[in-house]
2 protein chains.
Amino acid sequence: MPRHPQHELDLQLCFPLYAASRALTRAYGPLLAEAGLTYPQYLTMLALWSSDAPPTVGQLGAKLRLDSGTLTPLLKRLEAMGLLTRLRDATDERRVVVTLTEAGDALQDDLADVPAGVVELLGVDLAQAQALRGLLDDIIEHLDANA
Amino acid sequence: MPRHPQHELDLQLCFPLYAASRALTRAYGPLLAEAGLTYPQYLTMLALWSSDAPPTVGQLGAKLRLDSGTLTPLLKRLEAMGLLTRLRDATDERRVVVTLTEAGDALQDDLADVPAGVVELLGVDLAQAQALRGLLDDIIEHLDANA
DNA sequence: GACAAGCCTATTGTGCACAATCAAATTGAG
DNA sequence: CTCAATTTGATTGTGCACAATAGGCTTGTC
């Protein structure tokens with residue numbers, strides 16, 4: 001046992017959060033492999049599918065909380081797959097606008113059945129899922145505010 | 001908006017879990033940098049501090065749910081820092097036993113104040129923390145069981 | 001219209017995470 | 001004892017994540 005109770009708490013909170021995130025990534029891996037996507041790539045596509053207008057790399061990064069150092073190579077891979085285009089904004093050449101191709105948009109239909117149910121995959125009921133989401137959103141907001 | 005409601009759910013559950021885990025890693029980063037540790041290295045040290053006897057790489061991996069491909073280089077870095085030793089088990093030379101050095105054991109005192117309070121860092125109260133832990137543990141178990 | 005400040009993306013380097021593969025050692029059946 | 005199956009850790013290769021740095025673009029101010 002650790003000599004310091006805070007470390008015990010870390011082992012009981014930080015570790016489960018870390019491990020659960022990786023376990024979910026692993027669980028999705030095989031489901032997404034068919035479409036040739038990794039889990040971060042899938043989350044990126046989700047963010048794009050839920051966007052009203054083609055976002056810039058910066059806007060996408062804000063949504064996913066990822067910086068350009070992570071997003072740029074990831075987006076280049078998705079571009080190489082023909083799922084999106086990366087084009088400089090003509091009106092502001094600092095910006096790179098990410099636009100779904102037809103194939104990128106169509107992919108959400110192919111992946112419609114991938115999460116046969118996240119809730120079943122996670123083994124929680126809807127109330128637990130909502131509670132979890134609420135807790136996680138609060139934590140994200142709190143951690144980012146104090147960053 | 002996505003055309004498929006499952007994708008909406010993924011965005012509301014998978015993404016927060018993913019983002020919260022990374023936000024926590026980022027939050028610990030500066031605190032651990034003083035001691036020269038990364039967040040995964042810190043979790044590994046926590047696991048070692050809480051072990052009764054020096055574990056093998058495999059046992060440590062089972063505890064942290066990390067495979068040897070991840071643990072081996074991580075442990076080599078901790079060994080290079082003088083925090084632990086990696087020695088073949090004489091009775092079964094397939095096994096590598098990980099043993100804390102005196103410095104490795106002493107480090108937990110240096111880091112006693114690092115999580116000035118995970119709970120405050122996360123911005124949740126104790127009841128929420130326990131609820132979160134319970135949910136995450138269930139999810140980890142469920143995901144691993146169906147792996 | 002020139003210039004300083006701030007914004008935005010790319011690049012570089014380190015360190016996980018994991019799948020796939022390999023090699024070595026133990027175990028167990030005959 | 002012998003050999004095949006299993007166990008166990010290392011190695012290799014791809015793909016995030018992020019800090020630090022650099023450089024280009026725009027904007028606001030004169």
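For clarity, every value in this text was computed on a predicted model and none was experimentally measured. Each chain gets a letter, A, B and so on, in the order the sequences are listed, and its residues count up from 1.
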Rounded to whole angstroms, how far apart are CG on A:Leu32 and P on D:dG15? 15 Å
Per-nucleotide protein contact string for nucleotides 22-27 of chain C (B base, S sugar-phosphate only, - none; heavy atom under 4.0 Å): ---BS-
Closest listed nucleotide, where the reference is the side chain of B:Arg88 and the choices are C:dG15, D:dA10, D:dC16: D:dA10
Checking C:dC16, D:dT8, C:dC8 against the side chain of B:Arg95 (C-beta onward), the nearest is D:dT8
Please round to the nearest 0.5 Å and tell me the distance separating atom CG of B:Leu111 and atom CD of B:Glu34. 9.0 Å
Rounded to the nearest 0.5 angstrom, the CG-CG distance for A:Leu135 and B:Leu17 is 11.5 Å
Should the pair B:Trp49 and A:His7 be assigned to parallel (<30°), tilted (30 to 60°) or perpendicular (>60°) ring geometry? parallel
Working to the nearest 0.5 Å, report the span between CG of B:Leu78 and CD of B:Gln41. 5.0 Å
For D:dG9, does either OP1 or OP2 sit under 4.0 Å from a side-chain N or O belonging to B:Thr56? yes
As a test of reading the structure: which of D:dG15, D:dA19, C:dT9 is closest to the side chain of A:Val57, going by heavy atoms? C:dT9
Under 3.5 Å donor-acceptor, A:Thr72 side chain and A:Gly69 backbone: no
Closest-nucleotide 5' rank along DNA chain C - winner of A:Ser68 and A:Arg26: A:Ser68
Interatomic distance, B:Thr85 atom OG1 to B:Leu75 atom CG [nearest 0.5 angstrom]: 10.5 Å
Can you check the B:Asp89 CG to D:dA10 P distance for me, whole Å? 13 Å
Out of D:dT8, C:dT11, D:dC16, which has the shortest distance to the side chain of A:Lys76? C:dT11
B:Gln41 vs C:dG15: side-chain N/O to OP1/OP2 distance below 4.0 Å: no
From D:dG9, D:dC18, C:dA19, nucleotide with atom closest to B:Asp67 side chain: C:dA19
Would you kindly confirm whether B:Leu71 and B:Val98 end up in one hydrophobic cluster when ILVMFWY residues are joined by side chain heavy atoms under 4.5 Å apart? yes
I want to verify a distance call: between C:dT9, C:dC16, C:dC18, whose nearest atom is closest to the A:Val96 side chain? C:dT9
Are any of A:Thr38's side-chain N or O atoms less than 4.0 Å away from OP1 or OP2 of D:dT14? no
Using the rule that two of Ile, Leu, Val, Met, Phe, Trp, Tyr join whenever any of their side-chain heavy atoms come within less than 4.5 Å, decide whether A:Leu48 and B:Leu11 are in one cluster. yes
Just checking A:Leu71: base, sugar-phosphate only, or nothing, at a heavy-atom cut-off of under 4.0 Å? nothing
Nucleotide D:dG15, atom C1' - distance to CG of A:Leu78 in whole Å: 12 Å
Nucleotide D:dC16, atom P - distance to CE of A:Met45 in whole Å: 13 Å
The nucleotide from D:dC18, C:dA10, C:dG15 with an atom nearest the side chain of A:Thr72 is C:dA10
Length of the line joining B:Leu64:CG and C:dC16:C1', which is rounded to integer Å: 13 Å
Nucleotide C:dC18, atom P - distance to CG of B:Leu143 in whole Å: 12 Å
Between A:Thr25 and A:Gly58, which is nearer to the 5' end of DNA chain C once each is assigned its nearest nucleotide? A:Gly58
Can you check whether A:Arg22 has a side-chain N or O nearer than 4.0 Å to OP1 or OP2 of C:dC16? no
Given atom CG of A:Leu75 and atom C1' of C:dT9, what is their separation to the nearest angstrom? 12 Å
Tell me whether the OP1 or OP2 atom of D:dC16 has a side-chain N or O from A:Arg77 closer than 4.0 Å. yes
Give the rounded distance in Å between these two atoms: CD of A:Glu79 and P of D:dG15. 15 Å
